[in-house]
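Numbers for residues simply follow the sequence, beginning at 1.
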Amino acid sequence: MAAKEGEMMKLYMKEKGFSWTDKVTIGNGREKVRYTVEGEFFSFGKKMHGYDAGGAEVAFLQEKLLSWMPRYTAQIRGEEAFEIAQKFTVLTQKFDLEGLPWHVEGDFWGHDYTLSDDLREVMRIKKHWFTWGDSYELEIANPEEELVCVCVVLAIDAAMSEVVHTSGGAT
């Protein structure tokens, strides 16, 4: 699915409500599923496996245990891709990306943030409210970076849900 010059490609990420494990589908909005993600039920730390439309595993995210703040590593097609760590801050949320030339900023509680480098916006993320299960719209500038972008969103969502569960707050 290619976007026109200057346009951002859109993907939609939908989390299944009321599931024992994390189950997420990512598609193009026309009901065509591009990726599915499933979490492991019994594991130390959160682990998520990403599959392409043909069922081949293309991504693996794993929470690093014994970290002060939530920290996740991502493998894409069997290779270490990046690590993302939530920074300790008061009242706001911030994340550090290691292994990618990008930075992420915005309203993480409201699920409205951007991923960019020094020259361009790589991706915009917006949450769709009042849906069954969490639902997000991802606008991605370069289709070749879509899987990396999806993994960044999944890691941030997992870290934010961890903060909610440990603090008793709500998103």
Quiz item: Do other residues, nucleotides or ligands put more than 12 heavy atoms under 6.0 Å from the CD atom of E80?
Solution: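 Enclosed.
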May I ask you to test the [X]-[Y] pair for a side-chain heavy-atom distance under 4.5 Å?
| X | Y | answer |
| --- | --- | --- |
| E105 | K94 | no |
| V33 | I26 | no |
| Y35 | L147 | yes |
| C151 | F82 | yes |
| Q86 | M160 | yes |
| L11 | R34 | yes |
| L97 | L115 | yes |

Quiz item: Taking all non-hydrogen atoms of both residues, which atom of M48 and which atom of V37 are closest, and how far apart?
Solution: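 Closest approach of M48 to V37: CB-CG1, 3.9 Å.
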Quiz prompt | For V122 against C149, the heavy-atom pair lying closest together | solution =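 Smallest heavy-atom distance, with atoms named: CG1-SG, 3.8 Å.
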Salt bridge (Lys or Arg N to Asp or Glu O under 4.0 Å) partners for [X], two or more places apart:
| X | answer |
| --- | --- |
| D112 | none |
| E139 | R124, K126 |
| E83 | K64, R71 |

Using side-chain contact (heavy atoms from CB on, under 4.5 Å) as the criterion, list what pairs up with [X], not counting sequence neighbours.
| X | value |
| --- | --- |
| D117 | W102, L119, R120 |
| E79 | none |
| Y113 | V104, F108, I125, V153, I156 |

Self-check item: Set of residues satisfying ring pair (Phe, Tyr, Trp, His ring centres under 6.0 Å) with respect to F60, sequence neighbours excluded
Solution: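 F60: ring pair (Phe, Tyr, Trp, His ring centres under 6.0 Å) contacts with H49.
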Quiz item: Quick one: ring pair (Phe, Tyr, Trp, His ring centres under 6.0 Å) partners of Y136, sequence neighbours excluded?
Solution: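 Testing Y136 for ring pair (Phe, Tyr, Trp, His ring centres under 6.0 Å), a comparison that skips the adjacent residues, returns H111.
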Exercise. Could you list the residues that satisfy side-chain hydrogen bond (donor to acceptor under 3.5 Å, both in side chains) with S116, not counting sequence neighbours?
Key: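 So S116 forms a side-chain hydrogen bond (donor to acceptor under 3.5 Å, both in side chains) with H103.
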Quiz prompt | side-chain hydrogen bond (donor to acceptor under 3.5 Å, both in side chains) partners for Q62, two or more places apart | solution =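 side-chain hydrogen bond (donor to acceptor under 3.5 Å, both in side chains) list for Q62, sorted by chain: empty.
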Nearest 0.5 Å, please: how far is [atom2] in [Y] from [atom1] in [X]?
| X | Y | atom1 | atom2 | value |
| --- | --- | --- | --- | --- |
| L61 | K47 | CG | NZ | 12.5 Å |
| D157 | K127 | CG | NZ | 7.5 Å |
| K14 | S135 | NZ | OG | 5.0 Å |

Quiz item: Are V150 and Y51 connected in a single hydrophobic cluster, I mean Ile/Leu/Val/Met/Phe/Trp/Tyr linked by side-chain heavy atoms less than 4.5 Å apart?
Solution: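 No, because Y51 and V150 fall into different hydrophobic clusters, even though each may have its own neighbours under 4.5 Å.
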Quiz item: Would Y12 and L154 show up in the same hydrophobic cluster when neighbours are defined by side-chain heavy atoms closer than 4.5 Å?
Solution: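 Not linked; separate clusters.
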